[in-house]
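Encoded as structure tokens, the structure appears first; notes follow it.
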Amino acid sequence: MIQIRNLQKAYGENQVLHHFSATIPDHGIVCITGVSGRGKTTLLRILSGLEPADGGQIEGLSGRKIAFVFQEDRLLPWISAAQNIHLAQPDQPDSYVQGLLAAAGLAQEGAKRPGQLSGGQRRRVAFLRGIAFLAGVPDGVLMLDEPFNGLDAAAAQQLCDILRSLPPQTLVLLVSHQLSALDGMDVSFLPMEDSL
Amino acid sequence: MKDSTTKNRIGQTLGRGVLVAVLWLVIWQAAASWVGQELLLVSPPVMLRRLWELVRQPVFWQAVFSSCGRIMAGVLLALAVGTCLAALMSRFSFLYTFFRPALQVIKATPVASFIILALIWIKSTGLATFASFLMVLPMVWANLYEGIGAVDQSLLEMVRAYRFSPGRKLRYLYLPSLLPYFAAACSTGIGIGWKAGIAAEVLGLPKNSIGKALYNAKIYLETPDLFCWTAVIILLSLLFEKLAAWLLRVVTARLSIAQEEETP
């Protein structure tokens, strides 16, 4: 289990996390829920190590490889979609990247640059980059910040299928307002209503 | 359809360029005829005749190659040192605090002051390299320092999250982000380098140099020579500018870097 104790974070006067505590399973899919402004993204960023907390403790995550799929796509605009994915895991062969692209319905789009893709396609490429980063890691942590934004139901389903194919020891922590996309998946929920 | 439109546009631009050049030549010829004295204003045919005589002399090419070597050595050195300084000053703020005043002083000081001072320190053969280096350096530094500061912070966070090695970070984030700034520095730097280098040669008079040829033309009132050498300087500066632009295009293509295209 992953223990979060008394986590605190403020941006100036704005206290985003106020002594937030929770216990998260160390594998499976966990969806962090709560209305906007409750600090869901901040919690993900702190758990991933992208941002320091002002106080509190996190136990059970150290030593695990973490892939972070940002709310914005953050793809390198001057290289192709396939290269963007491949850069996250240069040791994997091109066929691995092609397989991922095909699984997400992007088999024909690998050679295109992000600027030539639609918003939904870019979103999927960013998601696949996160998946590629954890290739060969049995107990990786995949953090997804609004992964289904801009996706239609079919594309969201393709991403869910990829999530199902991850090794069982993988922990997927996600923030999403499109909970219907997770229908039929074994998901635990972590509500953040009481963090303030 | 798209090809023929592009060809038409290129044809129109070329045609307009030729027309403008012809118009200026006509104005120049008219002015020379009106002045009526070769010593004051040379006409285009006289200049071309003299240029044809000059290019057939080995001494012309010796001067051209020597000046090119000296000046471009200074420009290249400034590009290398300016790039390193920009990188170091972005990384270490104390270096920025330390070097910034010096670079601003260099930027504001007239090139002639440096050349006259440098004449005391170094041989006249190294003067053009020194002057072009000194004039181009602050500009390269300023451009690249600004470029490094403008690198997309969200992409920087992404490469950190995905643990890019320093080499991959340089190749896939910094190089593509900085190439436009480097290209701008090259384009302006080459022009400034030529101006400063030739000024240094005119003052230092090194053997086999365009600057010395310019100086002699002035001393012996050889106005056609003065026009010829000036034209040669302009052509050389443009040639190196175009060469740099071509090289950067090749590098850009090699790195598979393209401008962000429209979303379909």
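Every chain is numbered from 1 and lettered A, B, ... according to where its sequence line falls, protein lines coming before strand lines. Just so it is clear, the model here is predicted, and its values are computed rather than measured.
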message = Non-hydrogen contacts under 4.5 angstrom with chain A: give the residues of residues 78-110 of chain B involved, or none if there are none.
response = none
query = What are the residues of residues 127-134 of chain A, in order of number, with any heavy atom under 4.5 angstrom from a heavy atom of chain B?
reply = A:R129, A:G130, A:F133
Toward chain A: residues of residues 138-165 of chain B with heavy atoms under 4.5 Å = B:S154, B:L155, B:E157, B:M158, B:R160, B:A161, B:Y162, B:R163, B:F164
message = Counting heavy-atom pairs closer than 4.5 Å to chain B, which one of A:Q89, A:E72, A:K65 comes out on top?
response = A:K65
Over all atoms of both residues, closest heavy-atom pair of B:L173 and A:W78 = O-CZ2, 3.8 Å
request  = Name the region of A:L75, side chain, backbone, both or neither, that has any atom closer than 4.5 Å to a heavy atom of chain B.
outcome  = backbone
message = Can you tell me if A:D152 has over 12 outside heavy atoms packed within less than 6.0 Å of its CG?
response = yes
ask   = What pairs with B:L238 under side chain to side chain contact (heavy atoms under 4.5 Å, CB included), at least two apart in sequence or on another chain?
value = B:I234
